[in-house]
Amino acid sequence: MHKTLTGAAVLSAAALTLGLVAPANAARYRQDDPQETSHGYDLLAVQVRNAEHKVVVTTRHHNLRRDPSSGSGGAVYIDTDPGDKGPEYVFVGGYYEGTDYQLLHTDGFARKTWGKPATGRYRMTVDYQANTVRMVMARKTLGHPDALRVAVRASGTRSDGTSKGLVDWLGRPRSFTPWVARG
């Protein structure tokens, strides 16, 4: 009987410990995007990881293509200040081969509010086999935020060269994920 109680006590302690550790998962957030498009930039899901030294945003797409004629690209708007309604940074880049990317200061969602490049370390990689785009930013580059949230927009170009209407937001346009605490 004593062994059973000890085993139960160990399981209870383990459950309590796991329950105490669970909030560390607040440093990671994943959201699926239900809106479907037929283009290669189609946004399927976004994962945000707010780690001790870096922030990682990974977007998953359907059928990313290397071909520049896809015109696929995106913008990840990053809100680091709960006291200010909109984003402070925007990470923009193309998702096709041979394009570039940049992390910019911004004072809103409109391109006219995009400002100077952020100073610090950041990079973007596109994995065409996994259909993912991964953006990594040093926390120092973003001003060491305790928490952050993102809004994600992807777009592309039709075969006739037009792009009007080819936009896929994560959820509703200009809507943010919940706040993701540093963990």
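For the numbers below, each heavy atom of this structure counts, side chains included, while hydrogens, waters and symmetry mates do not.
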Is the side chain of [X] donor-acceptor paired with the backbone N or O of [Y] at a distance under 3.5 Å, no angle test?
X    : Y    : value
T141 : R121 : yes
D127 : A130 : yes
T58  : R134 : no
N50  : V55  : no
D168 : L43  : yes

Exercise: identify the closest heavy-atom pair between [X] and [Y]:
X    : Y    : value
Q102 : P117 : NE2-CG, 3.3 Å
R139 : E52  : CD-O, 2.8 Å
F176 : K85  : CE1-O, 4.1 Å
H61  : A154 : CE1-CB, 4.3 Å
Y95  : A75  : OH-N, 4.4 Å
P87  : G108 : CG-O, 3.7 Å

Pick one: which of V150, V57, D79 meets side-chain contact (heavy atoms from CB on, under 4.5 Å) with T177? V150
Do you know which of M137, R149, E88 makes side-chain contact (heavy atoms from CB on, under 4.5 Å) with I78? M137
Kindly indicate whether the side chain of [X], heavy atoms from C-beta on, has any atom under 4.5 Å from the side chain of [Y].
X    : Y    : result
Y128 : R65  : no
V76  : Y89  : no
H53  : K140 : no
M124 : F91  : yes
V48  : L148 : yes
N131 : Q129 : no
W114 : V92  : yes

Between Y77 and W169, what is the ring plane arrangement, given parallel below 30°, perpendicular above 60°, and tilted in between? parallel
Using 0.5 Å steps for rounding, measure from the [atom1] atom of [X] to the [atom2] atom of [Y].
X    : Y    : atom1 : atom2 : value
T59  : L170 : OG1   : CG    : 10.0 Å
K112 : T106 : NZ    : OG1   : 11.5 Å
D107 : D84  : CG    : CG    : 6.5 Å

Step by step, work out the side chain to side chain contact (heavy atoms under 4.5 Å, CB included) result for R60 and Q47. CA-CA 8 Å; R60 191 167 51 89; Q47 181 175 346; over 6 Å; no
Establish whether V136 and L64 are linked, either directly or via other cluster members, by ILVMFWY side-chain heavy-atom contacts under 4.5 Å. no
In this structure, is the centre-to-centre distance between the rings of Y96 and Y101 below 6.0 Å? no
